[in-house]
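In what follows, a single structure is set out as structure tokens and then discussed.
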There are 2 protein chains.
Amino acid sequence: MANQLSQLDQVFAALADPTRRAIVMRLCTDEASVGELAEPFEMALPSFMKHIHVLETCGLVQSEKEGRVRTCRLIPEALVGAEDWFQHQRAIWEARLDRFEAYVMKLKKERAAAKRPSKTAGKTTIKPSKRKGA
Amino acid sequence: MANQLSQLDQVFAALADPTRRAIVMRLCTDEASVGELAEPFEMALPSFMKHIHVLETCGLVQSEKEGRVRTCRLIPEALVGAEDWFQHQRAIWEARLDRFEAYVMKLKKERAAAKRPSKTAGKTTIKPSKRKGA
DNA sequence: TAATTGGTTAGCCATGAAGCTAACTATAAG
DNA sequence: CTTATAGTTAGCTTCATGGCTAACCAATTA
């Protein structure tokens with residue numbers, strides 16, 4: 001089995017849960033023991049531990065046990081990896097916006113050019129589009 | 001009963017699925033019909049439509065039907081909202097790193113000062129905070 | 001040694017997510 | 001009018017997730 005989820009899959013899935021996001025946020029400021037982390041949540045410890053485990057599995061958190069205390073710390077690389085995905089998409093999206101803007105500018109120019117000689121306002125090609133039976 | 005998932009919950013959950021991430025990536029470059037979007041995937045249409053619906057529910061995608069074709073486009077605001085979360089965390093994390101770095105610098109200075117008896121090396125007030133028995 | 005603390009293991013349950021097929025609707029195209 | 005296209009609805013299975021309790025170590029502390 002071992003469904004071979006990608007790191008991104010796992011990180012996003014981990015962050016989709018508010019409890020886990022809260023844990024990550026908490027660990028951004030400081031490392032902490034499981035008990036400290038769990039304290040704000042009204043949840044049985046075993047349930048809480050599952051969240052910790054999810055965060056460890058996807059590489060967002062590492063922990064180490066010393067005596068009977070397990071201390072957790074954030075691994076920011078995993079976070080950065082996910083952030084990169086967004087930035088990549090945004091780059092693509094913005095490039096597209098730029099293209100669109102350029103296109104609009106071109107249209108504007110053409111329109112201006114078309115307006116000058118006389119009114120050629122008959123070629124609008126508006127499709128009737130959707131009828132909605134009320 | 002309408003579990004009141006936050007937008008972030010939903011967006012991250014949506015992006016945790018590779019199919020949906022692929023759809024979003026595709027829509028970053030261009031809008032497309034459901035059929036066009038579905039084509040690269042070996043998946044029954046109804047299954048695929050569920051993914052579209054998830055993306056619409058969390059606000060990442062909007063669609064409109066004209067004739068029998070439903071055209072989907074990306075709503076980048078939702079994407080940006082998720083990206084912001086990362087940047088916020090990163091800011092906190094980096095502030096912490098800075099503090100740590102400052103602390104290390106201070107330590108270095110003190111060490112250097114301690115080596116040379118000439119400099120004043122007594123006013124440091126370092127809080128022990130967390131002890132780590134090593 | 002006995003009790004407490006901090007976490008762990010095991011196992012149960014309810015819900016929801018992700019996939020499928022089959023059958024249906026509505027618009028285009030022939 | 002008939003057929004093909006593009007989605008849609010309904011209903012089913014399977015498996016993962018998130019929660020619980022109960023019982024169990026293993027270090028501290030008394």
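Residue numbering restarts at 1 for every chain, and letters A, B, ... go by the order of the sequence lines. Side chains included, hydrogens not; waters and symmetry mates left out as well; all remaining heavy atoms used. These figures come from a predicted structure and were not determined experimentally.
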Practice task
Go through the steps to decide whether Ser63(B) and Glu56(B) satisfy the test side-chain hydrogen bond (donor to acceptor under 3.5 Å, both in side chains), and finish with yes or no.
Solution key: CA-CA 8 Å; Ser63(B) 72; Glu56(B) 286 197 274; 2.9 Å; yes
Check: residues 27-39 of chain B side-chain donor-acceptor pairs under 3.5 Å, at least two apart:
{"residue": "Thr29(B)", "atom": "OG1", "partner": "Arg26(B)", "partner atom": "O", "Å": "2.9"}
{"residue": "Ser33(B)", "atom": "OG", "partner": "Glu36(B)", "partner atom": "N", "Å": "3.1"}
{"residue": "Glu36(B)", "atom": "OE1", "partner": "Ser33(B)", "partner atom": "N", "Å": "2.9"}

Completion exercise
note: Glu39(A), atom CD; dG6(C), atom P; distance rounded to Å ~ 11 Å
Tell me which donor-acceptor pairs under 3.5 Å the side chains of residues 81-90 of chain A have, and how far apart each pair is, sequence neighbours excluded?
{"residue": "Glu83(A)", "atom": "OE1", "partner": "Arg90(B)", "partner atom": "NE", "Å": "2.8"}
{"residue": "Glu83(A)", "atom": "OE2", "partner": "Arg90(B)", "partner atom": "NE", "Å": "3.0"}
{"residue": "Glu83(A)", "atom": "OE2", "partner": "Arg90(B)", "partner atom": "NH2", "Å": "2.9"}
{"residue": "Arg90(A)", "atom": "NE", "partner": "Glu83(B)", "partner atom": "OE1", "Å": "2.8"}
{"residue": "Arg90(A)", "atom": "NE", "partner": "Glu83(B)", "partner atom": "OE2", "Å": "3.1"}
{"residue": "Arg90(A)", "atom": "NH1", "partner": "Glu94(A)", "partner atom": "OE2", "Å": "3.3"}
{"residue": "Arg90(A)", "atom": "NH2", "partner": "Glu83(B)", "partner atom": "OE2", "Å": "2.9"}

Problem - dA18(C) OP1/OP2 closer than 4.0 Å to side-chain N/O of Ser47(B) - result: no
Fill in the blank from the handout: From the list Val24(B), Ile23(B), Leu55(B), side chain to side chain contact (heavy atoms under 4.5 Å, CB included) partner of Leu74(B) resolves to Val24(B)
Problem - Distance, rounded to the nearest Å, where Gln10(A) contributes CD and dT17(D) contributes C1' - result: 14 Å
Exercise for the section: With rounding to the nearest 0.5 Å, note down the distance linking CG in Leu60(B) to CG in Leu15(B). Expected result: 5.5 Å
Handout entry: Length of the line joining Leu55(B):CG and dA18(C):C1', which is rounded to integer Å
Key = 14 Å
Fill in the blank from the handout: note: Met43(B), atom CE; dA17(C), atom P; distance rounded to Å ~ 15 Å
Problem - Arg21(A) CZ to dG18(D) P, straight-line distance once rounded to whole Å - result: 12 Å
Practice task
Please state how far atom NE2 in His51(B) lies from atom C1' in dA17(C), giving the value in whole angstrom units.
Solution key: 9 Å
Handout entry: Toward the 5' end of DNA chain D, by each residue's nearest nucleotide, Gly67(A) or Asp17(A)
Key = Asp17(A)
Completion exercise
OG (Ser47(A)) and CD (Glu42(A)) are apart, to the nearest 0.5 Å, by 12.5 Å
Fill in the blank from the handout: Its contact letters, B for base, S for sugar-phosphate only and - for none at protein heavy atoms under 4.0 Å, make nucleotides 5-10 of chain D read BSBBB-
Fill in the blank from the handout: To the nearest angstrom, the CG-C1' distance between Leu37(A) and dG7(C) comes to 13 Å
Practice task
Could you state the atom-to-atom distance from NZ of Lys50(A) to P of dC13(C) in whole Å?
Solution key: 14 Å
